[in-house]
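Note that the structure is a prediction, hence the values are computed from the model and not measured.
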Amino acid sequence: MVGKACEGDWEYRTDRAPVPVKITVKKFIGDDWMIACMVPKGNMMHCMVRETEGTLKQIKYNTTDKELPVEIMEVEGLMTDFFEGGITDIKREGESLRITSGGKEMVFTLDKDKSM
């Protein structure tokens with residue numbers, strides 16, 4: 001389950017895009033958590049989730065709407081579909097962060113650019 005160890009900057013690298021997807025997880029107010037996601041040169045996606053009785057429920061999802069470079073369209077579409085599914089779980093597993101949304105899982109790694 002989401003906890004203090006999940007906070008920080010994470011990334012998802014794929015051969016579908018020339019740049020890694022970047023996410024930030026931050027404890028917000030009370031039992032609320034913010035997850036911000038961006039493919040560099042792409043749109044900013046922003047989710048708010050609330051922890052209630054040991055489970056997460058996505059309470060808000062927003063995204064900007066700017067025109068995308070062709071080279072990141074596929075991975076941005078993947079991330080949009082993923083976050084629109086509704087985040088239900090976030091777990092830290094060592095140097096990885098596993099996020100469940102819409103019944104699918106994605107694994108992010110510590111953002112090496114930010115940890116140096």
Side-chain angles (χ1 to χ4, degrees):
M1 183 47 61
V2 68
K4 188 81 173 148
C6 296
E7 283 190 286
D9 296 308
W10 304 86
E11 65 183 9
Y12 176 75
R13 292 185 179 264
T14 175
D15 57 4
R16 296 183 195 178
V19 291
V21 175
K22 304 287 187 169
I23 69 164
T24 298
V25 177
K26 182 81 176 145
K27 175 85 165 152
F28 217 57
I29 300 166
D31 294 323
D32 292 353
W33 290 80
M34 185 248 346
I35 299 91
C37 174
M38 185 176 165
V39 181
K41 299 182 183 171
N43 288 297
M44 174 63 79
M45 294 166 244
H46 169 262
C47 304
M48 293 296 293
V49 296
R50 180 165 293 148
E51 190 174 8
T52 307
E53 297 176 9
T55 61
L56 287 181
K57 181 177 181 182
Q58 188 162 304
I59 56 175
K60 187 176 186 181
Y61 171 78
N62 290 318
T63 185
T64 56
D65 189 25
K66 68 182 196 180
E67 198 167 324
L68 302 174
V70 173
E71 63 269 13
I72 66 167
M73 280 183 173
E74 183 180 1
V75 75
E76 180 151 320
L78 174 77
M79 298 311 299
T80 299
D81 290 345
F82 181 73
F83 286 113
E84 283 178 345
I87 295 172
T88 55
D89 198 18
I90 301 174
K91 293 180 193 165
R92 179 157 184 178
E93 300 170 345
E95 300 291 296
S96 298
L97 189 72
R98 183 176 303 274
I99 299 178
T100 305
S101 179
K104 298 177 185 171
E105 288 187 341
M106 289 189 80
V107 178
F108 298 83
T109 56
L110 274 175
D111 187 338
K112 303 297 183 196
D113 297 336
K114 295 271 183 150
S115 63
M116 303 218 159

query = When you measure from the side chain of Asn43 to the backbone N and O of Lys66, does any donor-acceptor pair fall under 3.5 Å?
reply = yes
ask   = Is it the case that more than 12 heavy atoms not belonging to Lys91 sit under 6.0 Å from its NZ atom?
value = no
task = Measure the shortest side-chain to side-chain distance between Tyr61 and Thr80 over non-hydrogen atoms and say whether it is less than 4.5 angstrom.
result = yes
request  = In sequence, state the C-alpha distance, the side-chain angles, and the governing distance for His46 and Met34, and then conclude on side chain to side chain contact (heavy atoms under 4.5 Å, CB included).
outcome  = CA-CA 7 Å; His46 169 262; Met34 185 248 346; 3.4 Å; yes
ask   = Any side-chain heavy atom of Met45 within less than 4.5 Å of one from Glu76?
value = yes
query = Out of curiosity, does Met48 fall in the hydrophobic cluster containing Ile90 (side-chain heavy atoms, cut-off under 4.5 Å, transitive links)?
reply = no
ask   = For Leu110 and Trp10, what are the C-alpha separation, side-chain angles and deciding distance, and is it a side chain to side chain contact (heavy atoms under 4.5 Å, CB included)?
value = CA-CA 5 Å; Leu110 274 175; Trp10 304 86; 3.8 Å; yes
key: Non-hydrogen side-chain atoms of Lys22 and Asp111 separated by less than 4.5 Å   = yes
task = Determine yes or no for a side-chain-to-main-chain donor-acceptor pair under 3.5 angstrom, with Arg13 supplying the side chain and Asp15 the backbone.
result = no
task = Check the hydrophobic clustering (I, L, V, M, F, W, Y; side-chain heavy atoms under 4.5 Å; chains of links allowed) and say if Ile87 and Leu97 are grouped together.
result = yes
key: Check against side chain to side chain contact (heavy atoms under 4.5 Å, CB included), Thr52 and Lys57   = CA-CA 8 Å; Thr52 307; Lys57 181 177 181 182; 5.7 Å; no
query = Distance-only, no hydrogens or angles: does the Thr64 side chain make a donor-acceptor pair with backbone N or O of Met44 under 3.5 Å?
reply = yes
message = Test of understanding: clusters of I, L, V, M, F, W, Y form through side-chain heavy atoms closer than 4.5 Å, transitively. Do Phe82 and Val21 belong to the same one?
response = yes
request  = Not counting sequence neighbours, list each pair that qualifies as a salt bridge (charged side-chain N to carboxylate O under 4.0 Å, His left out) and has a residue in residues 37-47.
outcome  = none
request  = Give the C-alpha distance, both sets of side-chain angles, the deciding distance and a yes or no for side chain to side chain contact (heavy atoms under 4.5 Å, CB included) between Leu78 and Met106.
outcome  = CA-CA 11 Å; Leu78 174 77; Met106 289 189 80; 4.2 Å; yes
task = Begin with the C-alpha distance, continue with both residues' side-chain angles, and end with the deciding distance and a verdict on salt bridge (charged side-chain N to carboxylate O under 4.0 Å, His left out) for Glu105 and Arg98.
result = CA-CA 7 Å; Glu105 288 187 341; Arg98 183 176 303 274; 2.9 Å; yes
query = Counting only N and O atoms by type, is there a donor-acceptor contact under 3.5 Å from the side chain of Glu51 to the main-chain atoms of Trp33?
reply = no
inquiry  = How about CD on Glu67, more than 12 heavy atoms from neighbouring residues, nucleotides or ligands closer than 6.0 Å, or not?
reply    = no
ask   = Hey, are the side chains of Val39 and Leu68 touching, using non-hydrogen atoms and a 4.5 Å cut-off?
value = no
